[in-house]
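Comments concern the structure below.
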Amino acid sequence: MKKQVQELIAQSLKSLESKEILPTTEQINITVENSRDSAHGDFATNIAMVLAKVAKTNPRQLAQNIIEYLPESDILEKTEIAGPGFINFFLKQNTHQSVIIDILDKGDNYGDSNIGNNTPTLVEFVSANPTGPLHIGHGRGAAYGAVVANLLKKAGYDVSCEYYVNDAGRQMDILAVSVWLRYLQHCGQDISFPENGYKGDYINDIAIALHLEHADKFVTVPEKLLSLYNEEDAELKIDMLIKYCTEELGKENYRLVFDAGLNHILETIKTDLVNFGVKFDTWFSERSLVDDDIVTTCITKLIENDWVYEKDGAQWFRSSKLGDEKDRVLIRENGQATYFASDIAYHLSKVERGFEKIIDIWGADHHGYIARVKASMQALGLAPEKLEILLVQFATLYRGKERLQMSTRSGEFITLEELQNEVGKDATRFFYIMRKSEQHLDFDMELAKSQSNDNPVYYIQYAHARICSVFRQIPEKGYTYKQEEALKDLSVLTEPQEIKLLSVLARYPEVIENAAQAYEPHQLVYYLKDLANDFHSYYNTSQFLIDNNEIRNARLVLIVAIKQVIKNTLSLIGVSSPEEM
RNA sequence: GCCCUGGUAGCUCAGCUGGAUAGAGCGUCCCCCUCCUAAGGGGAAGGUCGCAGGUUCGACUCCUGCUCAGGGCACCA
């Protein structure tokens, strides 16, 4: 609808140009906005004010000219000039009502758009290290990423969701050692556990399972091990333990212990995400980048193009030449590649797999990383503008006023699974999405759990359930309802609340496009609140199941359309649309 | 010190690529179930949009400086 108005204005401007009232301009953006106040009509444009200067006339005069040259249209009732030079457009009644036909016709696909033009798009999110279960911080990234992906799909992008599995690197070695030590304890050895090992209970579970499968296969003489405990520096100690563990067990056995931990935790993560309604198309292994020599290929390529130099025994990438604060290490003094090196290879892989739009969703604490990744893409000639990095701020959990502290290493944190079990999937997904992602989120479990009007999830779901309830009562009250019949005469929908609802419904496709392009799922939440509010208000003032056939039918199709749009939106967010509550 | 993010009603937050009297929920006060779920609706009070400049027809929105809060500045991930 808005686009049609835009088109009318564009044509008028063309006429004005040919009459030389307006100078010929190249592309101008004609902004048309939804009027906030119905006294200002349905749409308004500021174009006359924007062009007044180049037209060398005053805005109101120009507005008058634009209106005069507006082509005939059967959607417009009238136009008005208002304020400093706004043009307000009033639509004909039947124009509003046609949206119902559109919605029922498209059903679940109402709101689909093709602005994405099937662009191959990769959304990578969560990507938590498989060193422990997902906690509430990961939950926000999971919910946010899933909805961004859903939005992009609906907007016509060809989307794949990927989880990057950090199955290489020191943290994973620490995990393996943690498992091994618990295993030794389980086998009866009297050894203490290092402070910076992973202490969660799940490590014990893995150790026990390891023992069940392999019995005493990984047991070694404790004396040498115990001598390592004299080291006072905790970080150094854990590195020594890793070294000792790999040497003592040998490559093959070490891998068995390592994989036992990795696979167990990865399974937990996968299960948690499935239960949370978050699906990934691919699980991309960091180790595969090393094994397939993609990391070395990248580094070689960088060296060839003189992006690398040696200093203090390490290999450095000249990222400061490409907008980063300083140069970054690729290969450490000890010969190991850094996480950053794998990440360069990973992004090369993303591009090589044909993705035109690459979206990384990271926790806000990684923001310092953006410049170096973009720099590396540029150095490899990979068009860094393809990469879009979205940051998600942290979430803090509250129980009413009480702030729940969480410390990650100690293993005392609330997991996503626990949160979901207590609060429920719908409320959890909704609350995570409710705030703008760059806004810190205070997640109040008490509010999320409350089945009251304070809780926006129930408020919206209730609107859907209420509509279903009305339909259940049609036969009870002795009425019948046929959609084809009802669609024949929508002209009786003339109440201000009905017109309001129709225009909110018509706005939906635009909400999708805006939310998708801005990567802002919270826009869906605010839209739903508006729609639900308008519906509840309508429900309170207007009876649906009444004797007048025309009005009853028209009102029933209207609320069917509302139901459809609520359902479409909730499903994008990953929240169910209950038929009764 | 440098870099991000935020500072809007008592509280939690929206505010679309700058636009016509700044919005919602909660909280406070008042009102509405002989009627399709009151898990609902209506109304009132409540704001120098952190501070100071600037850009222009017009700024919560853009620019500069300052200030407060959170986060980041590793041969860790």
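Just so we're clear, the structure is a prediction, and the values are computed from it rather than from any experiment.
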In this structure, how many angstroms lie between the C1' atom of B:C26 and the OH atom of A:Tyr459, rounded? 13 Å
Within residues 314-321 of chain A: residues closer than 4.0 Å to RNA chain B (heavy atoms): A:Ala314, A:Trp316
Residue whose closest nucleotide on RNA chain B lies nearer the 5' end, A:Lys529 versus A:Phe340: A:Lys529
Donor-acceptor pair, A:Asp167 side chain versus A:Ser285 backbone, under 3.5 Å? no
Is B:G19 paired to anything, Watson-Crick or G-U wobble with both distances less than 3.5 Å, and if yes, which nucleotide? B:C57
Has A:Lys436 got a side-chain N or O lying under 4.0 Å from the OP1 or OP2 atom of B:G15? yes
Would you please test A:Gln497 and A:Thr541 for side-chain hydrogen bond (donor to acceptor under 3.5 Å, both in side chains) and show each step? CA-CA 9 Å; A:Gln497 282 182 316; A:Thr541 54; 2.5 Å; yes
Against the side chain of A:Lys326, the closest entry in B:C35, B:G41, B:A74 is B:A74
According to the salt bridge (charged side-chain N to carboxylate O under 4.0 Å, His left out) rule, which pairs have a member within residues 538-554 of chain A, sequence neighbours left out? none
Name the closest nucleotide to the A:Leu391 side chain, picking from B:C4, B:A77, B:G41. B:C4
Establish, from distance only, whether the side-chain atoms of A:Glu446 and A:Ser450 form a donor-acceptor pair under 3.5 Å. no
Using the C1' atom as the reference point in each nucleotide, state the distance between B:C3 and B:G41 in Å, no decimals. 49 Å
What's the closest nucleotide to the A:Gln439 side chain, out of B:A77, B:U37, B:C13? B:C13
Rounded to whole Å, the CE-P distance (A:Met434 to B:G15) equals 14 Å
Taking N or O atoms only and anything under 3.5 Å, show me the protein contacts with nucleotides 18-23 of chain B, one pair per line.
unit_1, atom_1, unit_2, atom_2, d
B:G19, N7, A:Asn46, ND2, 2.5
B:A20, OP2, A:Arg36, NH1, 2.9
B:A20, OP2, A:Arg36, NH2, 3.3
B:A20, N6, A:Asn88, OD1, 2.7
B:A20, N1, A:Asn88, OD1, 3.2
B:A20, N1, A:Asn88, ND2, 3.2
B:U21, O4, A:Asp37, OD2, 2.6

From C-beta outward on A:His536, which listed nucleotide comes closest to its side chain: B:A77, B:G41, B:C13? B:G41
Base-pairing mate for B:U37 - Watson-Crick or G-U, with both contacts under 3.5 Å: none
Looking only at side-chain N and O atoms, does A:Gln497 come under 4.0 Å of OP1 or OP2 in B:G41? no
Taking NZ in A:Lys500 as the centre, count heavy atoms belonging to other residues, nucleotides or ligands within less than 6.0 Å. Is the count above 12? no
Starting at atom NZ of A:Lys2, determine the distance to atom C1' of B:U17, rounded to an integer number of angstrom. 11 Å
Against the side chain of A:Asn514, the closest entry in B:A77, B:C16, B:C36 is B:C16
Quick one: are the ring centres of A:Tyr432 and A:Tyr144 less than 6.0 Å apart? no
Say we look at B:C75 and B:C68: how far apart would their C1' atoms be, to the nearest angstrom? 36 Å
Using atom P in both nucleotides, what's the gap between B:C66 and B:C26 to the nearest angstrom? 41 Å
Does A:Ser469 have a side-chain nitrogen or oxygen under 4.0 Å from the phosphate oxygens OP1 or OP2 of B:U37? yes
Rounded to the nearest Å, what distance is computed from the CG atom of residue A:Leu289 to the P atom of nucleotide B:A77? 14 Å
I'd like the C1' distance from B:G42 over to B:C63, given in whole Å. 44 Å
For the pair A:Asp426 (side chain) and A:Val575 (backbone), establish whether a donor and an acceptor sit closer than 3.5 Å, ignoring hydrogens and angles. no
OP1 or OP2 of B:G41 under 4.0 Å from side-chain N/O of A:Asn533: yes
Taking only the side-chain nitrogens and oxygens of A:His522, find out if one of them lies under 4.0 Å from OP1 or OP2 of B:G15. yes
Would you indicate which nucleotide in B:A39, B:G41, B:C13 comes nearest to any side-chain atom of A:Asp442? B:C13
Does a donor on one side chain sit under 3.5 Å from an acceptor on the other, for A:Tyr538 and A:Glu498? yes
When you compare B:A24 with B:C33, how far apart are their C1' atoms, in angstrom units rounded to a whole number? 25 Å
Tell me which nucleotide among B:G41, B:U37, B:U12 gets nearest to the side chain of A:Met581. B:U37
N or O in side chain of A:Arg472 less than 4.0 angstrom from B:U37 OP1/OP2: no
N/O (side chain, A:Gln517) to phosphate O (OP1/OP2, B:C16) under 4.0 Å: no
Do the side-chain N or O atoms of A:Tyr527 get closer than 4.0 angstrom to the phosphate oxygens (OP1, OP2) of B:A24? no
Does A:Ser537 make a side-chain N or O approach to OP1 or OP2 of B:G42 shorter than 4.0 Å? yes
Could you check whether A:Arg466 makes a cation-pi contact with A:Tyr539, meaning its NZ or CZ is under 6.0 Å from the centre of the six-membered ring and within 45° of the ring axis? yes
Cation-pi check, A:Lys477 onto A:Tyr479 ring (under 6.0 Å, within 45° of axis): no
Candidates B:C2, B:C75, B:U37 - which lies nearest the side chain of A:Ala465: B:U37
Return the value, rounded to whole Å, for the distance between atom CG of A:Leu441 and atom P of B:G6. 15 Å
Along RNA chain B (nearest heavy atom to each residue), the more 5'-positioned of A:Glu286 and A:Arg466: A:Arg466
When you measure from the side chain of A:Tyr462, which nucleotide among B:C36, B:C4, B:A39 comes out closest? B:A39
Taking atom types as they are modelled, would you say the side chain of A:Asp365 forms a donor-acceptor pair with the base of B:G72 within the 3.5 Å cutoff? no
Roughly, in whole Å, what's the span from CZ in A:Arg435 to P in B:U8? 13 Å
Working to the nearest 0.5 Å, report the span between CD1 of A:Ile294 and OG of A:Ser288. 6.0 Å
Would you check if there is a donor-acceptor pair between the side chains of A:Tyr198 and A:Gln171 at a distance under 3.5 Å? yes
Check whether any side-chain nitrogen or oxygen of A:Tyr458 sits under 4.0 Å from OP1 or OP2 of B:G40, and answer yes or no. no
How far does the C1' atom of B:G53 sit from the matching atom of B:U17, given to the nearest Å? 26 Å
Taking atom P in both B:G40 and B:U67, compute the distance separating them and give it to the nearest angstrom. 46 Å
Which glycosidic conformation, syn or anti, is assigned to B:C16 if syn requires a torsion within 90° of zero? anti
If I pick the C1' atom on B:C32 and the same atom on B:G70, what distance separates them, to the nearest angstrom? 44 Å
Distance-only, no hydrogens or angles: does the A:Asp327 side chain make a donor-acceptor pair with backbone N or O of A:Ser320 under 3.5 Å? yes
Separation of B:A77 P from A:Ile344 CD1 (nearest whole Å): 13 Å
